[in-house]
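Below is one structure, written out as structure tokens; comments come after it.
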Amino acid sequence: MCGIIGYIGKQNAIPLLINGLKKLEYRGYDSAGIAFLHAKKLEIRRCAGKIQVLESSIKNENLNSLIGIAHTRWATHGRPSEENAHPHQVNGIVVVHNGIIENYLDLKNKLKKKGHVFSSDTDTEVICHLISSYAEKGLDIKNATRQALKHLNGAYSLGIIAEKEPDKLIAVKNDSPLIVGLGNSEFFIASDVPAFLSHTKDVIILDNGEMAVITKKGVSISDINDKPLKKKTTTINWNPEMAEKNGYNHFMLKEIYEQPRAITDTIRGRFSLDQGNVNLEEFSIKKSALKKFKKIFLVACGTSWHAALVGKYMIESLAKISAEADIASEFRYRDPVIPKDSLVIVITQSGETADTLAAQREAKKHGAKVLSICNVIGSSSTREADSVFYTHSGPEIGVASTKAFTTQLVALYIFSIALAKEKGAIDSRRSKKLLNDLLFLPEKVENTFLLNDSIIKIAKKYFQVKDFLYLGRNLNYPIALEGALKLKEISYIHAEGYPAGEMKHGPIALIDNDMPVLVLVAKGKVRNKLLSNIEEVKARGGEVISIVEKKRYKSLSRSPNTIYIPAINQYLSTVLFSIPLQLLAYHIAVLRECDIDQPRNLAKSVTVE
Ligand code: F6R
């Protein structure tokens, strides 16, 4: 769950690597480091803390280099410190690593017995020692690395340089992401595309077990047995500006405000209103095969799991197919019964979450078809799935997911309509109406932004409380969970999401005037029940914040503690309810002076178990 980057080419590598690292900082930010060859001599700089600290520490040195590797860390083995920061080095061989070497202790003990002396607590250092032990036997860096890889179990993407071979950058990928960027006589490796997006959009996506040897002249890719491989070049259609803050104080805020655009991009070309048909052209699962699925599993982690829960409600309500939403880390170990005629939908922004990938593989083992709803082109989940539904939200840098979540909801909505239509659960008239509602969604999201001032007032009133309760029902119960997760992850206030009907079965005991209760009041069959829940809270001296869906779409009125959002159908109301919750969490975190884009202990892609 770290970020790695490497460069070889004609420009000074150091600023390129530092700027690239800043784009990867969302992956981990407890320590950072850089290695490069300066006047043919290997130089390494590392420090605990953020990339800024590393940058300041080298800014007055006049350093120049045409090759280097760098790393931003999220600690797994060994506390965040200078000694544990990457790159690690043994005898002029330098490594940056993202992932976990599961058998590192065993390897470390064996190496120690042979006289190797370790200077860090990390699993990564064993890789340097192994490569160096083969290099000592006379192998070049490529072959020494190949031999070393044979000992490693676990997940790793690696960037390697060696003082003795100053014109080579080695990249290796196994279960952690690694992309090669192809510039003009210059090449990059990185955990994610934004790291080099301002230099090139042409990439090679490495698969597991592949190694790239990169010189200024080009890239050659082989498998671990040195069999040469031909790989296709993919062009990424993201703009470099998409990975910048563009005047916003935080990526999270920028990404909240990008949602109308992200939703528009996700729905573009997806349906025709003439027949009310959804376009799934790029799916390898044929539309006609959709009706054969008897059971749907939706599997994901964190925020994406909340989208999965909403997807369950959408699929059962629209397509009338039994659906289950599972947390990936539970699904993979709970021996799930997955009939062959099941569809497993994995939902993942990054496409690299370790538990989600393991659950996806478990589903394949059972012979189920897998659909990945994913935001990152060419990520592991998309490559292993039978079909992919891309959410075109653009790079999401803020650790707290916002636009990726609402576009997941939109993707699930469109897919549920396709499923419902193929199953004959809805007719063309209904699907046209449902799809037509989507066209109004981006504008209604814009309208919801008008509530920002009211939300700031509420944030100012409650930013010092210790606990929050979020209640919702039906499709908006998962949105209550998501609202609570947003608040706790960026403001560190304890918050719980609950299905409002469960309040009487326990949480009502918590209610007092120190704990605000936020209630999502949607239109429809549960509205009156939610209004009763509000009364129950008030009767016990609780403070209520209500977010209410207007029955009809009128201009948005404001009153303290009640926020009115535009009305839309029940499925899409999940998107509109999400927006004020994102803004509330954001403003509370600003008032509490929290580090919004890089909350403590978190990282964006959880590529380790
Ligand atoms: C929370 C958040 C996480 C992710 C989770 C899954 O704001 O972003 O809970 O949703 O780590 O990540 P992906 O979707 O990349 O699989």
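Note that ligands are numbered from 1 as they come in the structure, with each ligand's atoms numbered from 1 the same way.
Gln259 is not listed as a side-chain neighbour of Ser393, based on a closest heavy-atom distance of 4.5 Å or more.
Annotation: cation-pi pair Lys460/Phe463 absent, no NZ/CZ under 6.0 Å from the ring centroid and within 45° of its normal. Judged by the 6.0 Å distance and 45° axis criteria, Arg600 is positioned over the aromatic ring of Tyr492.
A salt bridge is absent between Lys50 and Asp597; no separation between the charged side-chain nitrogens and carboxylate oxygens falls under 4.0 Å.
Remark: Phe196 pairs with Phe188 by the ring pair (Phe, Tyr, Trp, His ring centres under 6.0 Å) rule, at least two apart or across chains.
Glu352 and Ser380 form a side-chain donor-acceptor contact under 3.5 Å, judged by distance and modelled atom types alone.
Closer than 4.0 angstrom to ligand 1 lie heavy atoms from Cys301, Gly302, Thr303, Ser304, Thr348, Gln349, Ser350, Thr353, Val399, Ala400, Ser401, Lys486, Glu489.
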